[in-house]
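Single-structure report; data block below.
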Amino acid sequence: MDAAAIPGAWKKTLWQALALAPLLLAAYLWPALAVPFSLLLPLVVCPAMAGGALTFALALPCVLAGVCWLGGASVKVVLLLPLAPYLCLLSTSQRYRRQFTFEGRALACTAAVALEGLALLLALKAALGGPVFTALPDALVAQLTDAPWTGALLYRLVNLGVLPLPDAYANTAALQLGNLVWLNPLLQSELLNMLRLRLADTLTLWVPMVLVQGSMLVGLFTALTTERAHARHMNDPAGAPLFRTLRLPRAAQGYVLVLCLGALLASLSDDPFLTLLGMLLYAAFMGVVQLLGAATLVALGAKAHPKRIVLYGVLAAALFALFPIALFLLGVADQLLNLRAAGRNHQEEE
């Protein structure tokens, strides 16, 4: 190794540490933020390891866990924080094994992030003493009951249409003094009950969706960025896979169909476990097809306007968050009609 490269490596590590210092400070001040940081950490540590910064990659999860512990988090949560980063480091380091393909590494990273997410939910369930979807809204509403700004919050939620105003209280007046709002105690109790039910419904619907699709996004882009960092480290940038070339292998199409059928069958049952399983399967099915649609959008955009590929990537991310059905339909169309190949043939004819 060239001795002149050692100071440069230290400088790179120092700049990386300084860039992450605000996140570590936030995790110390608000330990709850360490949970999403740890789930996103594979996006940082895996490319760092592939680029040669092994010490930085191995130390960062422990540093985050230590900062969270100093901030007052429970030992159980602190011990779970490095789980996903280290499992992703293990899976992405297996590229030398031919049977462990890029798709396998992406799937392993997805499973690692989902495993930590599930473990953290179980830890939260144990801390709350009941199911997360109902115990967490109960805890939040209990904290709001005696807060002085509860009336103002409920008043804004009613004005925004988030909570409906009961007909029995349609003519009830509220007393406002500055930023504080005092409501009829019976009305406030009714609105808090509505808020608890609304939160329970929202968590039941969105937590499985965010857990599954968030794990898929982090796992896929961890694998992509790691391969890109490794290719740069080996002076072979062209050897890294690209997001726009993402396709569903023919052997995996049957598994995606099983996800769809499983979600459909589970939705016919009233059993709580099967209902939750159906939501998880549905989220996985939708996530896979939406990612294929996003890859198709970026690929078609790159062919039409290669210099605007970043813009198409931002557009795909916005559609994934705000209008996912568009990417779903595009992903289905690409699987049935092979839109990316059609676009290439059209350009060749021109």
Side-chain angles (χ1 to χ4, degrees), residues 1-28 33-71 78-97 100-117 120 214-243 246 310 313 317:
M1 180 178 179
D2 188 3
I6 297 178
W10 277 104
K11 288 181 180 180
K12 182 178 180 180
T13 303
L14 178 61
W15 282 112
Q16 289 173 336
L18 291 176
L20 293 170
L23 299 180
L24 295 176
L25 178 61
Y28 173 75
L33 292 178
V35 172
F37 289 167
S38 69
L39 294 174
L40 295 174
L41 210 55
L43 294 169
V44 178
V45 298
C46 292
M49 183 195 66
L54 181 60
T55 303
F56 174 80
L58 293 176
L60 186 56
C62 290
V63 171
L64 177 63
V67 168
C68 184
W69 178 70
L70 292 175
V78 169
L79 293 177
L80 289 174
L81 292 181
L83 180 61
Y86 283 145
L87 288 179
C88 289
L89 283 172
L90 179 62
S91 62
T92 54
S93 65
Q94 304 299 311
R95 67 172 55 83
Y96 60 88
R97 296 187 177 182
F100 204 45
T101 62
F102 168 77
E103 292 79 8
R105 292 193 292 274
L107 185 60
C109 291
T110 299
V113 178
L115 179 62
E116 181 181 326
L120 289 169
S215 300
M216 293 172 62
L217 287 171
V218 174
L220 174 62
F221 283 98
T222 295
L224 285 172
T225 53
T226 301
E227 290 297 321
R228 192 168 183 177
H230 181 261
R232 286 199 303 265
H233 187 64
M234 302 300 293
N235 294 322
D236 183 24
L242 300 174
F243 174 71
L246 178 68
V310 176

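Residue numbers start at 1 and run along the sequence shown. Since the structure is predicted, the reported quantities are computational estimates derived from the model, not experimental observations.
- Residues C68 and L81 have side chains in contact (heavy-atom distance under 4.5 Å, counting atoms from C-beta outward).
- Within the 4.5 Å cutoff, the side chain of C88 has no heavy atoms near those of the V45 side chain.
- Taking each heavy atom of E116 and P85 in turn, the nearest pair found is OE1-CD, 3.7 Å.
- The minimum heavy-atom distance between P42 and S38, with the atom names listed, is CD-O, 3.5 Å.
- A distance of 9.5 Å separates CG in L89 from CG in L60, rounded to the nearest 0.5 Å.
- Side-chain contact between P241 and L224 is present, with at least one heavy-atom pair separated by less than 4.5 Å.
- Minimum interatomic distance between A106 and L220 (heavy atoms only, all atoms of both residues): CB-CA, 4.3 Å.
- Counting heavy atoms from C-beta outward, T222 and V113 have side chains that stay 4.5 Å or more apart.
- Here the straight-line distance linking atom CZ of F102 with atom OG1 of T226 works out to 9.0 Å at 0.5 Å rounding.
- The closest side-chain heavy-atom distance from F56 to V44 is below 4.5 Å.
- Heavy-atom minimum distance, M49 versus S93: CE-CB, 4.0 Å.
- Between the CG atom in L115 and the OG atom in S215 there is a gap of 9.5 Å [rounded to 0.5 Å].
- Judged by distance alone, with hydrogens and angles left aside, the side-chain atoms of Y86 form a donor-acceptor pair with the main-chain N or O of L58 at under 3.5 Å.
- With rounding to the nearest 0.5 angstrom, the OG1 atom of T110 is 11.5 Å from the CD atom of E103.
- Between the CG atom in L24 and the CG atom in L33 there is a gap of 11.5 Å [rounded to 0.5 Å].
- Interatomic distance, OG1 of T92 versus CD of E227, reported as 8.5 Å (0.5 Å rounding).
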